[in-house]
Amino acid sequence: MKFVDKAKIFVKGGDGGNGVVAFRREKFVPMGGPAGGNGGKGGDVVLIADSRIRTLLDFKHKIHFKAERGQHGSGNNKHGKKGEDLIIKVPVGTVVTDAQTGQIIADLKEEGQKVIVAKGGRGGKGNASFKTSTNQTPDYAEEGEKGEERWIELELKLIADIGIVGFPNAGKSTLISVLSNAKPKIADYPFTTLAPVLGVMKIDYGRSVVLADIPGLIEGASRGQGLGHEFLRHIERTKALIHMIDISDFAEREPVEAFNIINEEMGKYSPQLLEKPQLVVGNKIDLLSDRKKIEGLKKYFEEKGFRFVPVSLATLEGIDTLKKEIISLYEKTQKESQNVSKQIS
Ligand SMILES: Nc1nc2c(ncn2[C@@H]2O[C@H](COP(=O)(O)OP(=O)(O)OP(=O)(O)O)[C@@H](O)[C@H]2O)c(=O)[nH]1
């Protein structure tokens, strides 16, 4: 499954219904007045940000979207029915631009945020609407207006829910590929040499967690060495972190030391990064001869307020526990962001 972060679609509002020319025909009224109803308005094409949609994948297969047209008016002053709006769900974080002018139409950052991308045409007036004191029997009516149409571009500026940090070789990319059914690399992410690899881990029907492997967090990064600030900025947008540590016999440094160096670097860049909840994952236990070390590390991290999960991404030992911990971490961040939005509104 490929990660689609861009799509181009054609949208067309429904045409307005035509107004009609009609006259009253009643038994004892010889010269019936005008009675042609108005056409109904065409439906709009509306995009709405929905957090249950995580990719733009669906737009690979369907690219034409047309809202319903308005019904024509009819005699007896009956107005045509309005066309239904066409609602298209897109992921939260979708930026919408007019493909021709390049103008940004909307940045759908919030859940439920909506934008009309193609207006339906106005309904035409029936001849009854044209009756005046000087023209009692107009014999003309308007046609409905055409619905707006255009090509638009959708671009997903994905905000990962959880960032994965740790020294090179700790197993960050492996974790993404083990947990997710998507192993995408975003080609044109604004990183020069390395792009964060994103993965989507399914929780259950309709719910998933987006994970980002933030590459190359190394000593000195906060001073602008190496990849520097660009990827640290990316971590800033995630709600929680998974901190991967190689705890095998062959690790280059002691687990606690590795953990502290990475946190120190993040803290130098922005102390707020350290306020994000961190789940500590001790990886490569298949290459650990002294299993007692695991208990020691668990105690150490839990005393400091961090959950600690030992795993082997090679043998998949501990992976079910890890998945449960990630889901509960994700749910915790969801609850927190709901509380924040309640406080704001
Ligand atoms: N034996 C063993 N090897 C592992 C385990 N997890 C990952 N590896 C191996 O460790 C190496 C590094 O893993 P990666 O997932 O590339 O590590 P990374 O943290 O993404 O590293 P960078 O891409 O350099 O930042 C790879 O050769 C993996 O196959 C594990 O649990 N056990």
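Just follow the structure's listing: the first ligand is 1, and inside any ligand the first atom is 1. All values derive from a computational prediction rather than experimental measurement.
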Worksheet item: Just by distance, do the side chain of Glu155 and the backbone of Lys6 share a donor-acceptor pair under 3.5 Å?
Response: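 Checked: no pair found.
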Fill in: Donor-acceptor contact below 3.5 Å, side chain Asp44 vs main chain Ile116
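Not at all, since once roles are kept as given, no pair shorter than 3.5 Å links the two residues.
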Purely on distance, is any nitrogen or oxygen of [X] under 3.5 Å from one on ligand 1?
| X | result |
| --- | --- |
| Gly171 | yes |
| Val311 | no |
| Ala170 | yes |
| Leu175 | no |

Worksheet item: Which residue pairs satisfy the side chain to side chain donor-acceptor pair (under 3.5 Å) criterion with at least one member in residues 70-79, sequence neighbours excluded?
Response: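 For residues 70-79: none.
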Discussion item. Can you confirm if the NZ or CZ of Lys62 lies within 45° of the ring axis of Phe65 and under 6.0 Å from the centre of its six-membered ring?
Written reply: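 Here Lys62 passes the 6.0 Å and 45° test against Phe65.
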Practice prompt. Test the Arg307-Phe301 pair against the cation-pi criterion, namely NZ or CZ under 6.0 angstrom from the six-membered ring centroid and within 45° of the ring axis.
Written response: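 Not satisfied by the 6.0 Å and 45° rule.
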If you take the nearest heavy atom of each of [options], which one is closest to [atom]?
| atom | options | answer |
| --- | --- | --- |
| atom 7 (C) of ligand 1 | Ile247, Asn169, Ile164, Thr174 | Thr174 |
| atom 16 (O) of ligand 1 | Ser173, Ser248, Ser177 | Ser173 |
| atom 9 (C) of ligand 1 | Lys284, Lys172, Met244 | Lys284 |

Contacting atoms of ligand 1, where contact means under 4.0 angstrom from a heavy atom of [X]:
| X | answer |
| --- | --- |
| Asp286 | 1 (N), 2 (C), 30 (C), 31 (O), 32 (N) |
| Phe167 | 19 (O) |
| Leu313 | 6 (N), 30 (C), 31 (O) |
| Leu287 | 1 (N) |

Worksheet item: Under 4.0 angstrom from ligand 1, any heavy atom of Gly166?
Response: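 Distance cut 4.0 Å: Gly166 fails for ligand 1.
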Fill in: By side-chain contact (heavy atoms from CB on, under 4.5 Å) - contacts of Glu142 (at least two apart)
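Here the qualifying residues are Arg122, Lys125, Phe130.
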Discussion item. Between Glu317 and Arg291, does any NZ, NE, NH1 or NH2 come within less than 4.0 Å of an OD or OE carboxylate oxygen?
Written reply: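 A salt bridge links Arg291 with Glu317.
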Worksheet item: Taking 4.0 angstrom as the limit, do Lys299 and Glu295 come out as a salt bridge?
Response: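 No.
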